[in-house]
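Quick note: numbers below take in every heavy atom, side chains included, and nothing from hydrogens, waters or symmetry partners. Positions are given from 1, in the same order as the sequence printed here.
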Amino acid sequence: MRSTPACCVIADNERSKQPVIGLSADFRAPFSGYRRKIKGESMLVHHVRNALVAMVGTAFSIMNTNAAAQTVSKQKATIVLDHGWQFRQGTTSPDPETGWMPATVPGDVHLDLLANKKIADPFYRDNESKLQSIQDENWEYRDTFDAAPSLLSRSNLDLVFDGLDGPSQVYVNGNLVLTGTNSFRVWRIPVKSHLHAGKNELRVVFASPVKAAAALAATDPWQPKTQTAPKTYLRKPAYQYGWDWGPTFVTSGIWRPVRLEAWDKARIADFAIRQHDVSREVAHIDAEVQIEASHNGLGTVTVRYAEGAKQPASSTLSVDLHAGLNTVTLPIEIRLPRLWYPAGYGDQPLYTFTSTISAGGPNSQATLDQREVKTGLRSIVLDRHPDQWGRSFQFVVNGIPVFAKGADVIPFDSFPNRVTTAEYRRILESARDANMNMIRHWGGGYYETDEFYQICDELGIMVWQDFMFGNDWQPATYNFKLNIEAEAEDQVRRLRNHPSIVLWCGNNETEGAMDWAPRPALAADVRYQMWQDYLTEFSGILPRVVARLEPEIPYWPSSPSADYEALSDHYQSGDAHIWDVWHGRVPFSTYETHHARFVTEYGFQSFPEMKTIEAFTEPADRTGIFTPVMLAHQKNNEGNSIIHDYLLKDYPEPKDFASFLYVSQVLQAEGIKIGAEHFRRSRPETMGSIFWQLNDCWPVASWSSIDYYGRWKALQYYARRFYAPVLVSPHVENGSVKVYVVSDKVDPIRAWLRVRLMDFKGKVLLEDRHAVEISPLMSKVYLDWNLKKLADAGGADTSSVFVVAELMDHEENPYSRNLVYLSPTKEIHLIPAQLNTEITGKNGNYKIHITSPVLARDVYLSLGAIDAKLSDNYFDILPGDSVAVTVTSNATLAELKAQLKIISLTDAFSAPSQPATVTAAH
């Protein structure tokens with residue numbers, strides 16, 4: 001057992017963790033001895049009583065002081081403390097009632113200030129810069145709750161915080177019970193000795209995170225040598241301090257639920273389904289139940305399980321419990337299990353497992369506690385065998401090598417507690433609808449809510465899960481190492497039943513950060529010690545936790561990483577971040593020079609659409625991309641200039657601000673398409689394409705494919721095409737147009753391949769159509785046209801022709817269609833398109849039919865102020881063809897017709913020769 005300095009307060013997480021030492025006595029001094037008199041009766045009294053009755057049910061009657069009731073085992077009761085909270089800025093006022101305002105828990109101080117109209121919308125115009133003093137202040141929260149004698153008669157009363165964001169001190173009736181410096185910990189505090197009958201006060205004091213971090217850093221004698229950023233000494237979401245896509249809002253608050261748990265003989269502390277051996281024939285699994293017992297005694301553990309609505313099976317075990325933590329394992333065999341698959345490879349059935357602990361032998365009816373988990377049964381292997389290119393990096397799920405297609409996910413909001421279930425589902429369903437099967441949950445934010453992962457489970461979206469270490473070099477004090485070990489245990493325990501999580505990764509870019517300034521200039525002995533500490537944390541502490549708690553899931557030390565292997569042009573291993581496009585300002589075609597085994601970051605920025613920009617600007621802010629407010633919503637130092645420079649390499653100057661927004665999205669989508677299709681064509685050398693990034697945390701110019709309000713950018717529509725399960729990808733290489741077909745299907749496909757050389761007016765200059773059998777899980781060339789052959793057919797001028805490749809089933813239904821041009825984008829001479837449009841439908845379901853006599857590139861439909869879901873956008877229309885777009889909206893047909901605007905690429909640079917015609921048919 002570790003000794004603890006007298007000046008520190010510790011709290012054991014789930015009573016089993018190594019203690020994490022909190023802030024020093026000097027930090028606590030301003031708050032010591034604080035007391036206040038509770039005036040009046042809290043509204044929470046009624047809430048607590050009602051919640052207790054509802055959650056305990058008939059067992060509530062047991063909680064009386066009569067002797068008969070005392071002989072009956074009592075179920076665990078949970079009281080959620082989410083009403084009646086107040087907050088205020090830290091004050092030295094002698095009046096303990098000064099400055100209190102209503103607060104929301106879970107929440108944070110910024111949202112509470114906003115709700116009380118003390119600050120303006122943080123996202124509007126340049127308000128961010130006006131709110132930075134909030135991070136320099138202390139804040140405190142308080143609540144009162146009633147404790148009846150029946151509640152106090154329970155053997156154990158635990159106060160549980162699922163998350164305290166910021167350096168915090170927790171007081172119960174004036175007694176300091178917790179000091180914490182980790183926003184990602186779950187804190188369980190025995191508080192029975194601090195409670196009394198009647199009203200009780202709970203108070204949480206948050207110190208300024210900026211000042212507290214500096215104080216912690218000052219206690220590390222190595223910090224002046226390593227120059228480790230003080231902010232990292234606090235375990236807090238790194239993105240709060242600002243990123244090159246996000247604002248700076250270093251907030252504080254009780255950001256996860258808080259509750260009081262009452263229990264007697266035993267409770268279920270943890271419940272996990274350990275998937276040791278899963279195949280199509282049989283699943284050998286263990287139901288691992290961790291029980292905390294208050295004293296020695298006989299207990300019965302029962303686990304019931306079923307898939308869907310099927311009749312449940314069960315397994316029961318009698319156990320001798322000792323006081324403290326007990327781990328009980330029940331082996332379970334499921335024959336012919338229904339396996340969980342990633343999206344595109346099969347279904348996502350979930351099994352429900354329910355564990356129950358009862359007092360006494362197997363015939364006992366005295367249930368003490370119960371816990372339910374849902375999980376999918378699957379086998380996960382990170383395959384890293386040597387091959388002709390180096391060492392492979394591919395996920396094998398249920399025996400299938402899966403090409404990972406997706407995007408990186410950042411926090412959904414700068415203030416997490418206003419992210420709704422509907423928003424989670426909208427973004428994650430958008431990923432699934434764009435044929436993504438994986439997201440990388442980036443390590444600079446926070447571990448997401450259970451419902452986030454539940455939705456991923458349901459949708460078949462695999463999660464590459466980073467631990468929350470983003471870019472910065474991390475401290476190496478002993479207390480810090482204990483702290484992150486406890487954090488990792490909390491989070492792995494919490495999330496390990498989710499079948500969607502297929503990898504735990506130590507950090508984002510910290511491994512590479514050893515070579516970032518100023519570290520190369522540090523003394524050699526300092527650098528040596530820093531690297532030893534890095535290995536201790538990311539190849540020692542974290543993988544040890546994963547290996548102990550979830551050994552079935554692979555661990556990876558960093559992203560990017562080769563697991564410390566040396567790389568060369570002829571030997572590639574691990575995952576890669578590719579940023580020479582954008583930061584290096586090299587052409588998009590540079591993506592095709594990279595042959596990484598798995599790509600976890602690459603990207604390019606664009607602006608959101610006008611409707612999103614109107615949400616945070618005034619008209620004067622929208623005169624160009626370099627106005628002060630537009631620059632305030634661009635967090636990359638040279639971002640707007642980089643977008644502008646890249647745009648002018650391919651296109652003329654757009655004619656106005658709205659056109660610039662549109663072309664920026666086309667530019668981003670076309671650029672990422674080059675990379676994504678190259679990586680897919682390179683299968684199996686490359687087995688993952690994860691672009692940066694899927695979503696935004698506020699309205700901003702960024703790398704996202706979906707903006708803050710959930711609106712799809714051009715990139716998201718493009719992703720649905722370049723991530724199609726079967727992709728046709730014509731590509732100019734080595735003097736030819738080679739037509740690849742990439743298939744993620746596990747079975748061969750019989751199809752028709754049609755390839756045409758056309759001019760922009762629709763004349764077919766060369767055509768090939770033949771039946772093909774598409775090989776499963778493979779990239780392969782199915783047609784090779786020599787460029788000389790194309791020049792002979794289309795003339796010397798390649799700027800007015802294009803190649804279109806189409807893959808269709810035998811009923812002419814398309815699998816995939818793709819265009820390739822034979823001249824650089826800047827030299828392509830498009831003909832202005834006249835788009836003819838007809839709208840049909842009623843009752844919220846509409847169809848827009850669009851035709852064009854000439855090639856129309858990147859046709860964009862906008863509906864002004866109307867919110868609608870479109871089946872497609874930013875698409876090409878071949879000469880003489882028609883495209884039908886399905887629209888779902890609450891608007892009327894007349895409203896749609898009035899708001900609808902349709903343009904193609906040529907319209908962004910000059911007025912259309914003839915405006916689009918729009919007709920409505922009833």
Practice item. Give the intermediate values and the outcome of salt bridge (charged side-chain N to carboxylate O under 4.0 Å, His left out) for residues Glu423 and Arg418. Key: CA-CA 10 Å; Glu423 288 170 312; Arg418 61 180 177 187; over 6 Å; no

Exercise for review: Assess whether salt bridge (charged side-chain N to carboxylate O under 4.0 Å, His left out) is satisfied between Arg519 and Asp515, documenting all intermediate values.
Suggested key: CA-CA 6 Å; Arg519 295 175 197 102; Asp515 296 325; over 6 Å; no

Exercise for review: Please test Ile427 against Val409 for side chain to side chain contact (heavy atoms under 4.5 Å, CB included), starting from the C-alpha separation and ending with a verdict.
Suggested key: CA-CA 10 Å; Ile427 299 299; Val409 168; 6.0 Å; no

Exercise for review: Decide side chain to side chain donor-acceptor pair (under 3.5 Å) for Ser705 and Lys713; before the verdict, give the C-alpha distance in whole Å, the side-chain angles of both, and the deciding distance to 0.1 Å.
Suggested key: CA-CA 5 Å; Ser705 58; Lys713 294 183 181 180; over 6 Å; no

Practice item. Step by step, work out the side chain to side chain contact (heavy atoms under 4.5 Å, CB included) result for Glu137 and Ser208. Key: CA-CA 5 Å; Glu137 302 296 336; Ser208 158; 5.9 Å; no

Practice item. Applying ring pair (Phe, Tyr, Trp, His ring centres under 6.0 Å), run through Trp85 and Trp100 and close with a yes or a no. Key: CA-CA 10 Å; Trp85 283 91; Trp100 292 102; 9.9 Å; no

Exercise for review: Could you give me the CA-CA distance, side-chain angles and deciding distance for Leu715 and Phe691, then say whether side chain to side chain contact (heavy atoms under 4.5 Å, CB included) is met?
Suggested key: CA-CA 10 Å; Leu715 175 55; Phe691 66 73; 3.7 Å; yes

Practice item. Show your reasoning for whether side chain to side chain contact (heavy atoms under 4.5 Å, CB included) applies to Ser559 and His577. Key: CA-CA 8 Å; Ser559 182; His577 293 186; 2.8 Å; yes

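In plain terms, the two heavy atoms of Trp698 and Ser414 that are nearest each other are CB-OG, 4.5 Å. Contact detail for Ser558 and Asn507: the closest heavy-atom pair is OG-OD1, 2.6 Å. Closest of all the heavy-atom pairs between Glu485 and Ile541 is CB-CG2, 3.6 Å. Here the closest non-hydrogen pair linking Thr510 and Phe538 is CG2-CE1, 4.4 Å. Here the shortest heavy-atom pairing between Arg188 and Asp158 reads NH1-OD2, 2.9 Å. Of all non-hydrogen atoms in Asn417 and Trp255, the two that sit nearest each other are ND2-O, 3.1 Å.
Using modelled atom types, one side-chain atom of Asn640 and one backbone atom of Ile625 make a donor-acceptor pair closer than 3.5 Å. Side-chain atoms of Glu261 do not come within 3.5 Å of backbone N or O of Val160 as any donor-acceptor pair. A donor-acceptor pair is defined here as one N or O able to donate and one able to accept, closer than 3.5 Å; no such pair exists between the side chain of Lys231 and the backbone of Val210. In this structure, Thr248 contributes its side chain and Tyr241 its backbone to a donor-acceptor pair below 3.5 Å. One N or O on the side chain of Gln474 and one on the backbone of Asp472 form a donor-acceptor pair closer than 3.5 Å. Judged purely by atom type and a 3.5 angstrom limit, Trp139 uses its side chain to pair as donor or acceptor with the backbone of Ile134. The main-chain N or O of Ala217 is never found under 3.5 Å from a side-chain atom of Asp220 such that the two would form a donor-acceptor pair. One N or O on the side chain of Arg426 and one on the backbone of Tyr709 form a donor-acceptor pair closer than 3.5 Å. In this structure, the side chain of Gln223 engages the main chain of Thr228 through a donor-acceptor pair within 3.5 Å. Judged by distance alone, the side chain of Asn116 and the main-chain N or O of Pro102 form a donor-acceptor pair under 3.5 Å.
Side-chain N/O atoms of Asn483 and Glu487 include no donor and acceptor closer than 3.5 Å. A donor and an acceptor atom, one from each side chain of Asn200 and Asp146, are nowhere located under 3.5 Å apart. With 3.5 Å as the limit, one finds a donor-acceptor pair spanning the side chains of Tyr141 and Asp112.
Taking the ring axis of Phe184 as reference, the NZ or CZ atom of Arg256 does not stay both within 45° of it and closer than 6.0 Å to the ring centre. For the pair Arg203 and Tyr171, the cation sits on the ring face: its NZ or CZ lies under 6.0 Å from the ring centre, inside 45° of the axis. For the pair Arg711 and Phe607, the cation-pi test (distance below 6.0 Å, angle within 45°) is failed.
Looking at Asn173, Thr144, Val170, Val177 one by one, the single match for side chain to side chain contact (heavy atoms under 4.5 Å, CB included) with Leu202 turns out to be Val170.
In this structure, the side chains of Pro237 and Met468 stay at 4.5 Å or more apart for every pair of heavy atoms. Gln716 is listed as a side-chain neighbour of Ser430, based on a closest heavy-atom distance under 4.5 Å. With a 4.5 Å cut-off on side-chain heavy atoms, Ser704 and Asn695 do not count as touching. Counting heavy atoms from C-beta outward, Gln227 and Leu522 have side chains that approach closer than 4.5 Å. Side-chain contact between Asn508 and Glu601 is present, with at least one heavy-atom pair separated by less than 4.5 Å. Using a 4.5 Å heavy-atom cutoff, the side chains of Thr420 and Tyr424 are not in contact.
A salt bridge is defined here as a Lys NZ or Arg NE, NH1 or NH2 lying under 4.0 Å from an Asp or Glu carboxylate O, and Arg125 with Asp621 meets this definition. A salt bridge links Arg585 and Glu638; the closest N-O separation between the charged side-chain nitrogens and carboxylate oxygens is under 4.0 Å. A salt bridge links Glu97 with Arg142: at least one charged nitrogen is closer than 4.0 Å to a carboxylate oxygen. Salt-bridge annotation for Lys236 and Asp165: present, with a side-chain N of the basic residue lying under 4.0 Å from a carboxylate O of the acidic one. Using a 4.0 Å cut-off between charged nitrogen and carboxylate oxygen, Arg440 and Asp408 count as a salt-bridge pair. Ion pairing between a basic and an acidic side chain is recognised when a charged N comes within 4.0 Å of a carboxylate O; Glu451 and Arg425 show no such pairing. Under 4.0 Å is where a charged nitrogen must lie from a carboxylate oxygen, and between Lys481 and Glu537 no such pair does. Lys635 and Glu128 are joined by a salt bridge, as a carboxylate oxygen and a charged side-chain nitrogen come within less than 4.0 angstrom of each other. In summary, Arg259 and Asp82 do not engage in a salt bridge, as defined by a charged side-chain N under 4.0 Å from a carboxylate O. Using a 4.0 Å cut-off between charged side-chain N and carboxylate O, Arg88 and Glu140 make a salt bridge.
Using cut-offs of 30° and 60° for the angle between ring planes, the His633 and Phe616 rings count as parallel. His583 and Trp703 have tilted rings, their planes meeting at an angle from 30° to 60° on a 0 to 90° scale. Ring geometry, His110 versus Phe249: the interplanar angle exceeds 60°, so the pair is classed perpendicular (tilted spans 30 to 60°). Taking the six-membered ring for Trp and thresholds of 30 and 60 degrees, Phe452 and His441 have ring planes inclined between 30 and 60 degrees apart.
A centroid separation of 6.0 Å or more is found between the aromatic rings of Trp516 and Trp473. Between Trp692 and Trp582, the distance from one ring center to the other does not fall under 6.0 angstrom.
For the atom pair Cys697 SG and Ile410 CD1, the distance stands at 5.0 Å (nearest 0.5 Å).
With sequence neighbours left out, Asp244 forms a salt bridge (Lys or Arg N to Asp or Glu O under 4.0 Å) with no residue at all.
Other residues, nucleotides and ligands contribute more than 12 heavy atoms inside 6.0 Å of the CG atom of Asp121.
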